[in-house]
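Report on the structure given below.
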Amino acid sequence: MDILASLNDRQREAVMTTDGAVLILAGAGSGKTRVITVRIAYLISEKQVPPYNILAVTFTNKAAGEMRERVTELLKGQRLQSAPLVTTFHSLCVRILRQDIEHLSEGYNKSFTIYDTDDSIKVIKACIKDIGFDEKQLAPRQVLNAISGSKNRGEDFELYASQVEYTDEKRAAIARVFKLYEERLNNANALDFDDLMIKTVKLLRTSQEVRDKYNEKFKYILVDEYQDTNPLQFALIGYLTEKQQNICVVGDDSQSIYAFRQADIRNILEFEQHFPNAKTILLEQNYRSTQTILDTADAIIKNNQNRKDKKLWTANPDGDKIFYHQAFDGDGEARFVAQMIDRHRRQNPKDKIAILYRTNAQSRLFEEALRRNRIEYNIVGGFSFYERAEIKDVIAYLKMALNPFDDIALLRVINTPTRGFGKTSLDELQHRAKDFGVSLWETIAIITGLEFKERVNLTPRAIESLKKFKKTIENLQTKVADVSQTDRKVSDVVMAAIEDTGYANMLRAENTDESAARLENLEELVNAAVDYDKQEDSGLRDFIDHAALTSDTDKYDRNAAVTMMTVHAAKGLEFPIVFLVGLEDGIFPHSRSINDPKELEEERRLAYVAITRAEKVLYISHSMRRRVYGEEMAAEPSQFLNEMPLELIHDLSRGSSWLSFAKSNAVKTNKHAVSALRGENRQEKPKNLYTGKTYNSAEAIADFFNKKKVESRESGVESPKPLTGFDKLKAQASQTKSEIPNPKSKIKQGFTPGAHVRHPKYGKGLVLRREGTGDNVKLTVSFPGFGQKKLIEKFANLEKA
DNA sequence: AAGTAAATTTTTTTT
DNA sequence: AAATTTACTT
């Protein structure tokens with residue numbers, strides 16, 4: 001088989017070890033996807049395994065799509081009557097549940113609805129209100145995170161409740177919300193993202209019959225990005241492989257970046273314990289990046305305590321240095337990136353370029369800069385097509401038609417377009433629904449029913465509009481039924497949900513640019529539905545499921561010249577040229593992770609992922625000022641910059657920069673750095689002399705000069721020669737910077753978040769936020785008993801406490 | 001009931 | 001700065 005010829009020895013071994021448990025530890029760029037795809041092709045064409053016996057699971061639709069494509073490519077020319085199932089964890093679960101959820105006997109049936117995060121939040125909000133709490137005491141988002149975390153650890157609300165200390169009111173409240181939330185979803189015949197996994201695992205655990213069925217079906221299982229699996233996914237794999245044990249997992253512990261989703265790195269680290277006869281294969285040769293890029297990535301990941309020590313190597317050349325740029329503000333950073341991209345595009349238009357950032361919110365400045373420079377770009381993530389209001393509205397109508405008990409969908413559309421059924425009437429309806437203990441849909445049926453004579457607090461007009469709404473949905477249901485009974489098309493039904501509900505007319509009446517754009521989006525939705533027209537059975541169901549499970553991360557277009565996305569979204573991709581931007585403390589690493597060593601390690605792995613996306617050229621940049629919540633704030637260089645080998649970095653900044661500062665410092669005063677440069681002191685971990693925090697601060701400058709003194713005394717070096725030219729400029733620049741805090745006010749000023757201070761009137765307080773610069777520094781301080789105060793640092797007379 | 005103005009909050013990362 | 005929620009008119 002000639003496809004094997006393109007593999008190295010290790011890779012070939014990974015492909016040909018088809019039976020039993022196999023763990024492939026694949027470093028970044030080591031040809032992981034190639035190994036998986038060739039392995040699937042090998043199973044089919046060499047081992048004569050029927051394709052339907054093969055299951056490959058990934059985390060994203062993007063990865064699944066790519067894999068499917070490549071397998072098809074490898075197998076083309078062979079006449080196969082089935083295709084291997086290449087899918088995501090969540091799609092796999094939906095597939096299983098749509099067939100067998102009724103075996104669970106939990107009241108769910110096959111027409112269950114999938115709630116996305118937005119829907120879940122809405123339910124949570126209602127639950128918080130129902131237990132008599134306020135959203136301010138109990139942030140819905142946090143509650144959902146707590147519940148989701150618990151669920152992904154395999155707990156249920158009873159277990160969660162039992163862990164609550166009775167002094168912990170908040171957790172106790174969350175436990176109550178948890179219970180309510182689960183009930184609501186169950187009543188609505190709805191499953192959230194987590195439930196898809198949970199219910200599937202439960203189903204496999206409790207039903208021998210179902211377990212046997214899927215064990216029989218999936219005889220060879222492959223799992224991609226195994227380091228990102230959480231306990232539930234682990235359990236799922238466990239049940240599916242119970243019989244055959246032909247399980248092949250591929251992953252890299254250095255690229256584990258989903259701990260926040262309860263991914264457990266131990267799943268990969270302890271694979272050999274779980275599958276005692278497992279064979280482990282290491283792929284350490286990198287085919288993607290230059291040595292310089294690999295060295296930089298390696299230098300950063302080395303700072304993590306918790307990792308398997310391994311080193312990637314490559315036969316590729318050293319390549320260019322890492323290009324570095326320090327910008328004055330966020331806009332300057334974006335302009336620099338646009339300028340460099342422009343240059344690359346002229347030089348070599350074929351090279352694909354990526355701009356990678358930590359958070360989606362960072363994209364805006366780059367979008368604007370590229371647009372100004374007339375550079376076309378493609379943006380991945382952020383707002384998804386399926387997250388747009390008009391799309392969600394129409395989908396909600398369709399969801400109603402398939403599962404009318406879906407309260408969330410009902411609430412979404414009952415008065416969109418407006419039907420004269422406003423907030424007051426809605427409150428009454430919800431109130432009644434709670435009284436009856438049934439869904440809103442059933443409540444509507446009761447209230448509008450002929451034999452219902454009870455007095456309701458609804459105007460005749462409201463009742464009338466309920467009747468009309470009911471009719472609208474019922475009409476839609478009839479059309480849905482037509483899809484399976486006659487040969488009505490899925491796209492017809494989608495069209496009906498747009499037209500017959502009055503939705504399109506509402507938009508036409510608006511007659512604005514925006515409403516026109518929304519109409520166009522709806523046309524797109526109809527187009528998307530056409531793909532499902534030919535499907536035999538439950539085409540509409542599949543269409544809705546697809547909408548629920550597709551994120552925008554999936555619409556990566558590999559032909560786009562420039563792509564922007566978060567580092568998370570970039571995992572698994574590679575680009576000749578990469579711009580890693582916003583390398584500032586608080587952004588990357590993110591401020592929410594900075595205080596927890598575990599989370600900081602995850603940020604570091606994230607940086608590792610980012611850097612190893614680059615094939616030939618890597619740019620890194622940061623800005624000295626950054627807008628946060630609309631206010632301009634001083635920004636510090638990322639601590640990860642300090643962890644990179646400075647000698648591999650080339651400075652493209654105008655004037656002096658953090659890099660020039662760090663370089664002069666490291667070489668002149670850092671014995672560790674000097675000896676490390678000479679190759680001594682192998683064991684010793686390179687200590688960070690200056691973390692990003694202190695660069696540019698009074699202490700750093702003072703420290704710098706002190707060290708210099710000590711060193712020159714020790715080594716007997718005479719005082720520095722008079723500076724000339726560029727060096728002089730640089731020195732001047734750093735002097736000006738150091739001037740900001742004057743020595744007298746040093747104790748009083750320069751308070752940073754986290755500092756304890758004393759105020760003449762309010763007493764002891766905690767600094768929460770610092771904004772502005774120079775004389776305009778404003779501090780937000782929390783004083784026990786007085787609440788939060790905004791103070792001008794200069795006048796506040798604060799002391800260190 | 002619906003539309004508008006004012007106040008409040010928001011940012012990790014994703015299926 | 002932008003988006004969402006609430007309060008206030010009409």
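Note on naming: letters A, B, ... go to the chains in the order of the sequence lines (proteins, then strands), and numbering restarts at 1 for each one.
- OP1 and OP2 of B/dT15 both lie 4.0 Å or more from every side-chain N or O belonging to A/Ser91.
- Between A/Glu603 and the choices A/Arg592, A/Arg358, A/Gln639, A/His590, the side-chain hydrogen bond (donor to acceptor under 3.5 Å, both in side chains) rule is met once, by A/Arg358.
- The distance between atom CD of A/Glu428 and atom P of B/dA1, rounded to the nearest whole Å, is 11 Å.
- Annotation: of the two residues near DNA chain B, A/Ala361 and A/Thr88, the 5′-most nearest-nucleotide partner is A/Ala361.
- For A/Phe89, the ring pair (Phe, Tyr, Trp, His ring centres under 6.0 Å) partners are A/Phe59, not counting sequence neighbours.
- Taking 4.0 angstrom as the limit, A/Thr566 places a side-chain polar atom (N or O) nearer than this to OP1 or OP2 of B/dT14.
- A/Arg141 has its CZ atom 7 Å from the P atom of B/dT11, to the nearest Å.
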Which atoms of nucleotides 2-7 of chain B (N or O only) lie under 3.5 Å from a protein N or O atom, and what are those distances?
from: B/dA2; atom 1: OP1; to: A/Gly420; atom 2: N; distance (Å): 3.3
from: B/dA2; atom 1: OP2; to: A/Asn415; atom 2: ND2; distance (Å): 3.3

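- Among the heavy atoms of the strands, none lies under 4.0 Å from A/Ser591.
- Note on A/Ser425: a side-chain N or O is less than 4.0 Å away from OP1 or OP2 of B/dA1.
- Of the candidate nucleotides B/dT11, B/dT14, B/dT15, B/dT15 has the atom lying nearest to any side-chain atom of A/His90.
- Between the C1' atoms of B/dT12 and C/dT5, the separation comes to 23 Å (whole Å).
- If you measure from atom CD of A/Glu632 to atom P of C/dA1, you get 10 Å, rounded to the nearest angstrom.
- A side-chain N or O of A/Glu225 and one of A/Gln227 form a donor-acceptor pair less than 3.5 Å apart.
- Counted by atom type alone, A/Asn505 and A/Arg508 present one or more donor-acceptor pairs between their side chains at under 3.5 Å.
- Within the 4.0 angstrom heavy-atom criterion, only backbone atoms of the sugar-phosphate kind lie near A/Tyr258; the bases stay farther away.
- Remark on DNA chain B: of its neighbouring residues A/Asn145 and A/Thr459, the 5'-side contact belongs to A/Thr459, judged by nearest-heavy-atom nucleotide.
- OP1 and OP2 of B/dT12 both lie 4.0 Å or more from every side-chain N or O belonging to A/Arg358.
- The separation between A/Glu387 atom CD and B/dT15 atom P is 10 Å, rounded to whole Å.
- Across the protein-nucleic acid pair, A/Leu606 atom CG and B/dT13 atom C1' stand 7 Å apart, rounded to whole Å.
- Between the P atom of B/dT14 and the CE atom of A/Met565 lies a distance of 11 Å, rounded to the nearest Å.
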Could you write out each protein N or O paired with an N or O of nucleotides 3-8 of chain C at a distance under 3.5 Å?
from: C/dT5; atom 1: OP1; to: A/Lys125; atom 2: NZ; distance (Å): 3.0

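- Judged by distance alone with a 3.5 Å cut-off, no donor-acceptor contact links the side chain of A/Arg592 to the base of B/dT11.
- The residue from A/Arg261, A/Lys571, A/Gln233 that alone fulfils the side-chain hydrogen bond (donor to acceptor under 3.5 Å, both in side chains) condition with A/Asp228 is A/Lys571.
- In this pair, A/His590 lays its aromatic ring flat on the base of B/dT12, centres within 5.5 Å and planes under 30 degrees apart.
- The side chain of A/Asn360 places an N or O atom within less than 4.0 Å of a non-bridging phosphate oxygen (OP1 or OP2) of B/dT13.
- Checking side-chain atoms of A/Asn415 against main-chain N and O of A/Thr418 turns up no donor-acceptor pair under 3.5 Å.
- Using a 4.0 Å heavy-atom distance criterion, A/Phe193 is classed as a base contact.
- Among the candidates A/Thr200, A/Ile198, A/Ile237, the single residue satisfying the side-chain contact (heavy atoms from CB on, under 4.5 Å) test with A/Leu232 is A/Ile198.
- The number of heavy atoms from other shown groups lying within 6.0 Å of NZ (A/Lys468) does not exceed 12.
- Aromatic stacking of A/Phe260 on B/dT13: satisfied, with centres closer than 5.5 Å and planes within an angle under 30 degrees.
- A side-chain N or O of A/Ser621 and one of A/Glu333 form a donor-acceptor pair less than 3.5 Å apart.
- If you measure from atom CZ of A/Phe588 to atom P of B/dT12, you get 15 Å, rounded to the nearest angstrom.
- By the 4.5 Å heavy-atom criterion applied to side chains, A/Phe575 and A/Thr563 are counted as neighbours.
- Side-chain contact check for A/Thr87 versus A/Asn61: every heavy-atom pair is 4.5 Å or farther apart.
- Of the listed nucleotides (B/dA1, B/dT15, B/dT12), B/dT12 has the atom at the smallest distance from the side chain of A/Glu603.
- Atom CG in A/Asp329 sits roughly 13 Å away from atom P in C/dA1 (whole-Å rounding).
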